[in-house]
Peer 1: 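Just passing along the structure, written as structure tokens.
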2 protein chains.
Amino acid sequence: MSSRTLHAEVKRRIIGSLSEGRWKHGEAIPSEEALARRYKVSIGTVRHAVSELVAENVLVRRQGSGTYVASHTRDYMLSVFFWIVDEKGRKELPRVEVLSYRRARADAGTAARLGLQRGAPVIRVRALQRIGGRPMMVDDIRMPQALFPALDEPTFRGREGTVYGFFQERFGITVVRVVERLQARAASAAVGAALGLAAGAPVLRIERTAYTYGDAPVETRVRYVNTARLAYLSQLGRH
Amino acid sequence: MSSRTLHAEVKRRIIGSLSEGRWKHGEAIPSEEALARRYKVSIGTVRHAVSELVAENVLVRRQGSGTYVASHTRDYMLSVFFWIVDEKGRKELPRVEVLSYRRARADAGTAARLGLQRGAPVIRVRALQRIGGRPMMVDDIRMPQALFPALDEPTFRGREGTVYGFFQERFGITVVRVVERLQARAASAAVGAALGLAAGAPVLRIERTAYTYGDAPVETRVRYVNTARLAYLSQLGRH
DNA sequence: TTCGATTTGTTCGTATGTATT
DNA sequence: TAATACATACGAACAAATCGA
């Protein structure tokens with residue numbers, strides 16, 4: 001089964017190599033000329049396919065050097081998936097503290113968002129994010145256990161870098177897209193306590209689901225943010 | 001002065017024609033072949049420039065028909081600049097009710113966001129947005145008076161379609177990009193009354209600034225949204 | 001430091017396919 | 001049906017950046 005256009009087919013095959021782990025994150029994929037030979041298409045068709053994958057944050061081009069599989073370094077994550085800024089519009093990098101890690105079963109909402117059966121095994125992590133030392137966000141993360149076999153608490157706690165970087169490094173799972181639903185809510189007692197706010201104080205609730213190639217959901221989380229001094233930045237139109 | 005690359009120069013000249021009003025919204029621009037002849041470049045270079053302008057929501061391509069200047073119809077606006085959804089993830093189109101219209105002077109924040117001197121004349125509009133008949137958002141809009149000469153209240157109130165559609169239709173000003181800062185806030189007495197909420201109830205505060213070609217600010221507004229049943233959707237990564 | 005090989009970036013031109021009018 | 005316009009694909013040449021010898 002081939003795609004409707006040639007460059008779509010090339011794109012599909014590149015993503016295939018990526019999700020099989022044939023080309024790993026941070027590495028260069030073969031040159032455009034080599035890909036053209038391999039797929040028996042012109043170099044322009046390869047460029048078309050690669051350009052779309054660059055626009056989708058899957059690949060990164062470096063003139064004179066090569067085309068690389070996007071690596072979820074902290075900087076890269078920050079530039080693509082993190083848009084919480086301070087009063088001056090600057091991104092502040094949070095430091096994570098894992099509050100709890102345990103195995104659980106998917107409730108109805110989680111199951112729907114992750115494409116699982118209700119009651120399917122998930123890993124559930126609560127984490128606190130500090131900015132400038134102060135607690136600013138609390139996360140309640142859920143990931144399908146099936147996607148992360150043999151993951152245990154010490155490994156998760158001992159990771160370096162971002163959660164998505166860890167997914168990529170350790171399990172070969174690359175997050176390429178994230179959808180977030182934002183709402184204002186009154187802080188519950190627990191959320192208020194974690195963030196140093198009174199219960200009932202307004203907090204920003206963010207319900208996020210992260211996807212890998214082929215729109216397969218990888219993780220979902222509910223985050224509460226103290227937006228007294230922070231703001232969520234959203235740019236519409238240009239990209 | 002020409003741009004670094006040819007297609008960037010072509011893009012610049014297309015935007016030039018657009019902002020001069022040479023090609024108007026909704027109209028087809030000359031064919032790619034005609035543009036190639038006019039600018040003395042290959043058709044591929046024109047396509048490159050046009051593709052970027054399509055990605056930036058300035059132009060719209062229709063195979064077999066032509067390339068058109070994006071028109072701010074309600075549907076188009078909804079698809080590009082409006083991302084507030086109901087519980088089922090559906091976009092609901094709001095109906096506007098103008099609460100007040102008056103001339104004012106820019107405060108410090110407004111001046112900074114619109115690139116004006118503090119105290120510069122602005123038009124200030126308060127509006128209520130209803131979804132399904134119920135008040136769901138209140139807007140406090142400010143636009144530089146200099147950009148909208150001779151605009152008066154009856155004209156503004158009597159407009160049809162969206163505010164940005166009106167800008168385009170009446171003043172040739174096309175909004176191509178919008179930046180929003182989102183925060184959770186406790187509703188003031190006034191905001192609460194307008195939205196049918198108790199004072200202190202959590203509301204989503206959105207501070208938006210809209211830009212036209214060349215990143216010139218056109219309008220800024222502060223919006224409060226009742227997100228008890230609505231959510232603000234944000235997609236990161238793919239676009 | 002210099003040089004040359006490699007790789008992506010830009011531009012050109014042409015041919016053919018597909019959708020619209 | 002015919003003309004028009006965008007979409008896809010091919011191939012070539014040179015520019016610019018990178019990187020190792």
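Naming convention: chains lettered A, B, ... in sequence-line order (proteins, then strands); numbering from 1 in each chain.
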Peer 1: Please tabulate, for the side chains in residues 109-117 of chain A, all donor-acceptor contacts under 3.5 angstrom to protein atoms that are two or more places apart in sequence or on a different chain.
Peer 2:
from	atom 1	to	atom 2	distance (Å)
A/Thr110	OG1	A/Asp107	OD1	3.1
A/Thr110	OG1	A/Asp107	OD2	3.3
A/Arg113	NE	A/Thr220	OG1	2.9

Peer 1: Mind checking which nucleotides bracket the chain A contacts on DNA chain C, 5' to 3', with an atom under 4.0 Å from a heavy atom?
Peer 2: C/dT6 to C/dT10
Peer 1: So, for A/Val218 and A/Met143, which heavy atoms are closest and what is the spacing to 0.1 Å?
Peer 2: O-CB, 3.8 Å
Peer 1: DNA chain D: A/Ser42 or B/Thr67, which has the more 5' nearest nucleotide?
Peer 2: B/Thr67
Peer 1: Using heavy atoms to find the nearest nucleotide of DNA chain D for A/Tyr68 and A/Arg4 separately, return the residue whose nucleotide is more 5′.
Peer 2: A/Arg4
Peer 1: Pick base, sugar-phosphate or nothing for B/Arg62, based on heavy-atom distances below 4.0 Å to the nucleic acid.
Peer 2: sugar-phosphate
Peer 1: Consider side chain to side chain contact (heavy atoms under 4.5 Å, CB included). Of A/His7, A/Lys11, A/Arg61, which one does A/Val50 pass it with?
Peer 2: A/Arg61
Peer 1: Of all the heavy-atom pairs spanning A/Phe81 and B/Gly237, show the shortest one and how long it is.
Peer 2: CE2-CA, 4.0 Å
Peer 1: Could you tell me whether A/Gly44 contacts a base, only the sugar-phosphate backbone, or nothing, with contacts defined as non-hydrogen atoms closer than 4.0 Å?
Peer 2: nothing
Peer 1: With sequence neighbours excluded, tell me which residues meet side-chain contact (heavy atoms from CB on, under 4.5 Å) with A/Ser19.
Peer 2: A/Ile15, A/Tyr213
Peer 1: Contact boundaries of DNA chain D with chain B (under 4.0 Å, heavy atoms), 5' to 3'?
Peer 2: D/dT4 to D/dT8
Peer 1: Could you report the tightest heavy-atom contact between A/Leu230 and A/Asp86, atom names first, then the distance?
Peer 2: CD2-CA, 4.1 Å
Peer 1: Which stems, defined as runs of 3 or more consecutive Watson-Crick or G-U wobble pairs with both pairing distances under 3.5 Å, involve DNA chain C?
Peer 2: C:2-21 with D:2-21
Peer 1: Aromatic rings B/Tyr164 and B/Phe167: how do their planes relate, parallel, tilted or perpendicular, breaks at 30° and 60°?
Peer 2: tilted
Peer 1: By ring-ring contact (aromatic ring centres under 6.0 Å, His included), which residues pair with B/Tyr68, not counting sequence neighbours?
Peer 2: none
Peer 1: Which sits closer to the 5' end of DNA chain C, A/Gly66 or B/Val41, going by the nucleotide each is nearest to?
Peer 2: A/Gly66
Peer 1: Between B/Asp139 and B/Val125, is there a side-chain heavy-atom distance shorter than 4.5 Å?
Peer 2: no
Peer 1: If you look at every heavy atom in A/Thr212 and A/Thr174, which pair is closest and at what distance?
Peer 2: OG1-O, 2.6 Å
Peer 1: Between B/Asp140 and B/Arg221, is there a salt bridge with N-O shorter than 4.0 Å?
Peer 2: no
